[in-house]
Amino acid sequence: MDEQEPHDAQVDTNKIIEERRAKLQALRAQGNPFPNDFRRDRLAADLQREYGERDNPALEADPVRVAVAGRMVLKRVMGKASFATLQDMSGRIQLYVSNDGTGEDTHAAFKHWDLGDILGAEGTLFKTRTGELTVKVSRLRLLSKALRPLPEKFHGLADQEQRYRQRYVDLIVTPETRRTFQARSRVIQSLREFFVARAYLEVETPMMQPLPGGAAARPFVTHHNALDMQLYLRIAPELYLKRLVVGGFEKVFEINRNFRNEGISTRHNPEFTMLEFYEAYQDHNYLMDLTEQMLRKAAIDATGAAEVVYQGERIDFAGPYDRLTMPEAIAKYNPQYKLHELSKPEYLKLALAPFEVEVFPTDGVGVLQLKLFEQTTEAKLVQPTFIVAFPTDVSPLARRSDADPGVTDRFELFICGREIANGFSELNDPEDQAERFRAQADAKAAGDEEAMFYDADYIRALEYGLPPTAGEGIGIDRLVMLLTDSPSIRDVILFPHMRPE
RNA sequence: GGGCGGUUAGCUCAGCCGGUAGAGCAGCGGACUUUUAAUCCGUUGGUCCGGGGUUCGAAUCCCCGACCGCCUACCA
């Protein structure tokens, strides 16, 4: 369907907007109402930090001249003098505008400016009677007229839908939203520092792939016109990153988007950010140690402490974290099950009977354990917990355990009942990998839309020799949710996917 | 996909057992030179999400639909 209707065809409007348009028209008559020749020299938070403690006599004895700019978010007019609160990227600073300071004409014009307008102000600092640091304005300019009114100044924006759809408004009026995304930036910065400090190379691998690989998920499909070929948005970077390890980049990481054509929920967005990293000559046990250090640092860098509170639960990222096999975890959190019985298929099938899970005759012990784990235990793993030794059947890219070929040297990290990380010793045997791809391809042919494709070039890469390698992926959005106490993944994604308005 | 809840002024929200639309903020006009969600006086502003039905009469009750939120399922 072609729906290229012009954007201004359906402009919603109201009396307030009309009045502001009229004000803008009047401004146009006096010159360009969107000047770009004002330069600020200070940010609000810097002023608060540097001069917030200074008393008024000190400020007046040694006048501090400043030029500030920002959005007017509060305004109090009192006749011959007014106060306004300006908000910039760093915080807020109060302005004192008066006939004495700016002259009557400017002050009179200011009275007609609106909340939401962008202003530039020059003046000197002083403290009001109540001790608030304030700029006594000598020059004041309107830099950008806002035509649309801001949400109610006290309650802000409560409508979740509008907060997601119009994030720009949410960011203006909701301090928690600003803090969340600032914390998100610190988390990613922290992770990047962590790897760079360990001599990892940051790389970028294809987002558009001829074969989507590295995970079990339904992909988005697109089309390249010039090549006349189908391409998939990637569901994971894994197979490309391991190709780089073959190439001799023995420590690599990538922080970038994955795309999965699946449901949307408070924990799923169609595009989400993934950290993946690979290190040659290491194994899954090393990864678990590394993960503990990494998450401890990320928590401290994001929040100032290794212990955070998520939705009322205290989460301790300091480590070390529990490391349990699935049967161990099931028995630990569900004493009704006996550990020594949990490796018996008949016992597991009996245990699974009360749950609404499909059990297939082909399910091995490992898969049965996984199903029981998901039903009984996953949600109870509040503190960071590594679950180790995943069944080979559900781990087509992981190295088989030397002790038990039915399981792999793979772990997942659970926090607050959610999977946060997934790591393993990589399968570097090209013949074993080819066999597992064939099994996946068979499953796909049988109708499993999430089964993997057979990736012949990846097999060819393995045939050149992949060193023994450990690799891991961490869902950044879910980690940021935990570190910012956000109940929905949409709260940590600036522009989450929504149905069109 | 299933269940529950929501949608009323630009924003935050009331609106009872069905009787024909309200408040605060914002806006507009006025007073006010140290306010702090400034205050005080006056005042403008509505496709009650959309469509159908019941009724003398629907924001209100019923049905269908849209969108959003939460839970649940699926999704490693």
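Within every chain, numbering begins at 1; the chains are lettered A, B, ... in the order of the sequence lines, protein sequences first and strands thereafter.
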**Request:** State whether R499(A) places a side-chain N or O below 4.0 Å from either non-bridging phosphate oxygen (OP1 or OP2) of C68(B).
**Result:** yes
**Prompt:** Any donor-acceptor pair under 3.5 Å linking the side chain of S488(A) with the backbone of R490(A)?
**Reply:** yes
**Request:** Establish, with yes or no, whether the OP1 or OP2 oxygen of G10(B) is under 4.0 angstrom from a side-chain nitrogen or oxygen of R148(A).
**Result:** no
**Asked** Under the ring-ring contact (aromatic ring centres under 6.0 Å, His included) test, which residues partner Y232(A), sequence neighbours left out?
**Response** F453(A)
**Message:** Just N and O in the side chain of K75(A): are any of them under 4.0 Å from OP1 or OP2 of A38(B)?
**Reply:** no
**Prompt:** Hey, does K153(A) reach any base, or is it just sugar-phosphate, or nothing, if we go heavy atoms under 4.0 Å?
**Reply:** sugar-phosphate
**Pairing nucleotide - U35(B), Watson-Crick or G-U, each distance under 3.5 Å** = none
**Prompt:** Is there a side-chain contact between D114(A) and K23(A), using heavy atoms and a 4.5 Å cut-off?
**Reply:** yes
**Request:** For nucleotides G18(B) and A37(B), find the distance between their C1' atoms and express it as a whole number of Å.
**Result:** 38 Å
**Message:** Classify P391(A) by what it touches in the nucleic acid, base, sugar-phosphate, or nothing, heavy-atom distance under 4.0 Å.
**Reply:** nothing
**Prompt:** Counting only distance, no hydrogens or angles, is the base of U35(B) paired donor-acceptor with the side chain of R76(A) under 3.5 Å?
**Reply:** yes
**Request:** Measure from the ring center of F277(A) to the ring center of F253(A) and say whether it is less than 6.0 Å.
**Result:** no
**Heavy atoms of other groups near R165(A) CZ, more than 12 under 6.0 Å** = yes
**Prompt:** Is T128(A) side chain donor-acceptor paired with the U35(B) base, going by distance under 3.5 Å alone?
**Reply:** yes
**Prompt:** Does K80(A) place a side-chain N or O at less than 4.0 Å from the phosphate oxygens OP1/OP2 of U33(B)?
**Reply:** yes
**Item:** Phosphate contact (U35(B) OP1 or OP2) by R129(A) side-chain N/O below 4.0 Å
**Value:** yes
**Message:** At less than 3.5 Å, do the side-chain atoms of Q94(A) and the base atoms of U35(B) form a donor-acceptor pair?
**Reply:** yes
**Item:** Whole-Å C1' distance, C49(B) and G5(B)
**Value:** 16 Å
**Message:** Can you see whether S395(A) engages R436(A) through a side-chain donor-acceptor pair at a distance of less than 3.5 angstrom?
**Reply:** no
**Asked** Checking side chain to side chain donor-acceptor pair (under 3.5 Å) against R184(A), which of D491(A), T273(A), T484(A) comes through?
**Response** T273(A)
**Asked** Does any residue of residues 470-493 of chain A have a heavy atom under 4.0 Å from RNA chain B, and if so, which ones, in number order?
**Response** S488(A), R490(A)
**Asked** Using a cut-off of 4.0 Å on non-hydrogen atoms, how would the nucleic acid contact of E132(A) be classed: base, sugar-phosphate, or nothing?
**Response** base
**Request:** Would you mind classifying the nucleic acid contact of S82(A) as base, sugar-phosphate or nothing, using non-hydrogen atoms under 4.0 angstrom?
**Result:** nothing
**Asked** Is there a donor and acceptor pair closer than 3.5 Å between the side chain of Y96(A) and the base of U35(B)?
**Response** no
**Request:** Check the chi torsion on C28(B) and let me know: syn if it falls within 90° of 0, anti if not.
**Result:** anti
**P atoms of G53(B) and C71(B), separation to the nearest Å** = 38 Å
**Smallest separation among heavy atoms of K127(A) and G52(A), with atom names** = NZ-O, 2.8 Å
**Message:** Please report the distance separating the C1' of C32(B) from the corresponding atom of A14(B), rounded so that it comes out in whole Å.
**Reply:** 32 Å
**Asked** Considering every strand shown, what is the Watson-Crick or G-U wobble mate of U43(B) when both distances are under 3.5 Å?
**Response** G27(B)
**Message:** Using a 4.0 Å heavy-atom cut-off, does R165(A) contact any base of the nucleic acid, only the sugar-phosphate backbone, or nothing at all?
**Reply:** sugar-phosphate
**Request:** Report which part of the nucleic acid V173(A) touches: base, sugar-phosphate, or nothing (heavy-atom distance under 4.0 Å, all strands).
**Result:** nothing
**Prompt:** Can you tell me the Watson-Crick or wobble partner of C49(B), both distances under 3.5 angstrom?
**Reply:** G65(B)
**Item:** Atom P, compared across U60(B) and G6(B): separation rounded to whole Å
**Value:** 13 Å
**Asked** Taking the same atom, C1', in U54(B) and in C63(B), what whole-Å distance lies between them?
**Response** 11 Å
**Request:** Provide the distance between the two P atoms, one in G22(B) and one in C68(B), to the nearest whole Å.
**Result:** 32 Å
**Item:** R139(A) side-chain N/O to E122(A) backbone N/O, donor-acceptor pair under 3.5 Å
**Value:** no
**Asked** Yes or no on side-chain contact (heavy atoms from CB on, under 4.5 Å) for L381(A) and I387(A), after CA distance, side-chain angles and deciding distance?
**Response** CA-CA 10 Å; L381(A) 301 178; I387(A) 299 297; 3.9 Å; yes
**Item:** Whole-angstrom distance between G15(B) and A59(B), as gauged at atom C1'
**Value:** 8 Å
**Any strand: nucleotide that pairs with U55(B) via Watson-Crick or wobble, under 3.5 Å** = none
**Message:** Under 4.0 Å, heavy atoms only, any strand: does L74(A) hit a base, just the sugar-phosphate, or nothing?
**Reply:** sugar-phosphate
**Prompt:** Taking N and O atoms by type only, does the side chain of H268(A) place a donor or acceptor under 3.5 Å from a partner on the base of C75(B)?
**Reply:** yes
**Request:** Would you classify E356(A) as touching base, sugar-phosphate or nothing, given that sugar-phosphate means primed atoms plus P, OP1 and OP2, and contacts are heavy atoms under 4.0 Å?
**Result:** nothing
**Asked** Is G1(B) paired to anything, Watson-Crick or G-U wobble with both distances less than 3.5 Å, and if yes, which nucleotide?
**Response** U72(B)
